[in-house]
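Atoms considered below: every heavy atom in the structure, side chains included; atoms not considered: hydrogens, waters and symmetry mates.
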Amino acid sequence: MVKIGYARVSTIDQDTSLQISALQQFGCEKIYQDKASGAKTDRPELLNAISYLREGDTLVVWKLDRLGRSINHLIQIINDLEERNVGFKSLTENIDTTTPGGKLVFHLFGALAQFERDLIKERTRAGLKAARDQGRIGGRPVVMTDEKLKKAKEYLQKGLNVQEAAARIKVSKTTLYKALNIKKSYE
């Protein structure tokens, strides 16, 4: 069983020394470091660390937020590690998926994240239904009216191209093309 450390700071100006020291004290044999925002998906040293890990190894971070961009991203990474029989340890939060208690805590995080996603979906659906019941329809405002379409057709019949006609009725040419194609299919 090898302990592999991963440290990350968000900017080049920041320093990983505190994280590195904690990982070394914990006994990490190898430590990978990235200097990139946690929101970035391109973190080459994280990918190197994950690909280096073998069955029975443990990935160690100083703090959970050093590893994942969000709780969903963390869960995805930990589940991927778990499938490969690789453990995970966060020193600050004291989460250790190599122990039954650590696995329980991490899966509770996952369950809470799923619960939150489901609540958001439910609230969104309820809000949209309430708006529809009050006669409000969501989405972008309609910019292409029947009057504008009629005017655009007149411009086109006079020899203007679609771009010129669209500019005169103050819509994008894509909007005009779309309106023309929709009307053709119904005519």
Side-chain angles (χ1 to χ4, degrees), residues 1-134 136-141:
M1 264 184 25
V2 176
K3 296 174 188 169
I4 303 300
Y6 175 70
R8 181 186 62 78
V9 290
S10 298
T11 66
I12 294 170
D13 300 333
Q14 294 175 320
D15 184 13
T16 58
S17 61
L18 176 67
Q19 295 175 54
I20 300 296
S21 177
L23 294 169
Q24 287 171 337
Q25 285 178 8
F26 187 71
C28 291
E29 295 180 21
K30 191 170 179 89
I31 299 172
Y32 293 84
Q33 303 176 55
D34 275 319
K35 291 196 176 197
S37 166
K40 278 189 151 187
T41 55
D42 182 30
R43 292 189 279 161
E45 290 304 306
L46 175 59
L47 297 177
N48 289 337
I50 289 172
S51 67
Y52 183 85
L53 292 161
R54 301 292 175 252
E55 186 174 333
D57 290 350
T58 301
L59 179 64
V60 183
V61 296
W62 178 62
K63 203 171 179 186
L64 275 176
D65 67 353
R66 302 295 87 199
L67 180 63
R69 300 185 308 269
S70 64
I71 189 71
N72 292 334
H73 186 233
L74 278 170
I75 291 167
Q76 177 188 351
I77 291 171
I78 305 307
N79 285 340
D80 291 347
L81 293 174
E82 198 171 73
E83 286 176 14
R84 295 173 44 207
N85 291 319
V86 173
F88 170 75
K89 172 100 175 134
S90 171
L91 300 177
T92 304
E93 290 86 3
N94 200 24
I95 294 174
D96 184 351
T97 65
T98 64
T99 67
K103 280 184 182 177
L104 174 65
V105 168
F106 195 78
H107 287 289
L108 283 173
F109 280 162
L112 289 171
Q114 183 61 50
F115 178 68
E116 181 182 15
R117 283 190 301 274
D118 292 346
L119 280 178
I120 290 168
K121 284 181 194 174
E122 190 176 294
R123 287 183 196 131
T124 301
R125 275 188 241 135
L128 290 171
K129 183 184 179 318
R132 278 191 303 275
D133 290 349
Q134 294 174 3
R136 291 181 289 160
I137 299 172
R140 296 177 72 181

- Item | Set of side chain to side chain donor-acceptor pair (under 3.5 Å) partners for T97, sequence neighbours left out | none

- Item | Which residues share a side chain to side chain donor-acceptor pair (under 3.5 Å) with Q24, sequence neighbours left out | none

- Item | Distance, nearest 0.5 Å, that separates CG of L47 from OH of Y32 | 11.5 Å

- Task: Assess whether side chain to side chain donor-acceptor pair (under 3.5 Å) is satisfied between N79 and Q76, documenting all intermediate values.
- Result: CA-CA 5 Å; N79 285 340; Q76 177 188 351; over 6 Å; no

- When rounded to the nearest 0.5 Å, the distance separating OH of Y52 from CG of L59 is 12.5 Å

- Message: Under the rule for side chain to side chain contact (heavy atoms under 4.5 Å, CB included), what residues qualify as partners of L128, not counting sequence neighbours?
- Response: T124, R132

- Item | Side-chain touch R66/R8, heavy atoms, less than 4.5 angstrom | yes

- Message: So which atom in D57 and which in V2 form the shortest heavy-atom distance, rounded to 0.1 Å?
- Response: OD1-N, 3.1 Å

- Who pairs with K89 by side chain to side chain contact (heavy atoms under 4.5 Å, CB included), at least two apart in sequence or on another chain? F26, T58, V60, L91, N94, D96

- Between E93 and K63, which heavy-atom pair has the shortest distance, and what is it? OE2-CG, 3.3 Å

- Taking every non-hydrogen atom, the tightest pair across L23 and W62: CD2-N, 4.0 Å

- Task: Applying side chain to side chain contact (heavy atoms under 4.5 Å, CB included), name anything that partners S21, two or more places apart in sequence or on another chain.
- Result: Q25

- Under a 4.5 Å cut-off applied to non-hydrogen side-chain atoms, are F115 and L119 in contact? yes

- Any sub-3.5 Å donor-acceptor pair from T99's side-chain atoms to G102's backbone N or O? yes

- Message: Distance check, rounded to the nearest 0.5 Å: H107 atom NE2 versus Q114 atom CD?
- Response: 14.0 Å

- Residue set satisfying side chain to side chain contact (heavy atoms under 4.5 Å, CB included) with V86, at least two apart, ordered chain then number -> L53, L81, R84

- Output the distance between atom CG (D34) and atom CG (L46), rounded to the nearest 0.5 Å. 6.5 Å

- Are the side chains of E82 and K103 in touch, meaning some heavy atoms are under 4.5 Å apart? yes

- Between R43 and H73, the two heavy atoms sitting closest are NH2-CE1, 3.2 Å

- Do you know which two heavy atoms are closest between R54 and S51, and how far apart they sit? NH1-O, 2.7 Å

- Query: When you look at CD of Q14, are more than 12 heavy atoms from neighbouring residues, nucleotides or ligands closer to it than 6.0 Å?
  - Reply: yes

- Query: Just one of D65, I95, L67 clears the side chain to side chain contact (heavy atoms under 4.5 Å, CB included) bar with L74, so which one?
  - Reply: L67

- Query: Which atoms form the tightest heavy-atom contact between T98 and G87, and what is the distance?
  - Reply: CG2-CA, 3.6 Å

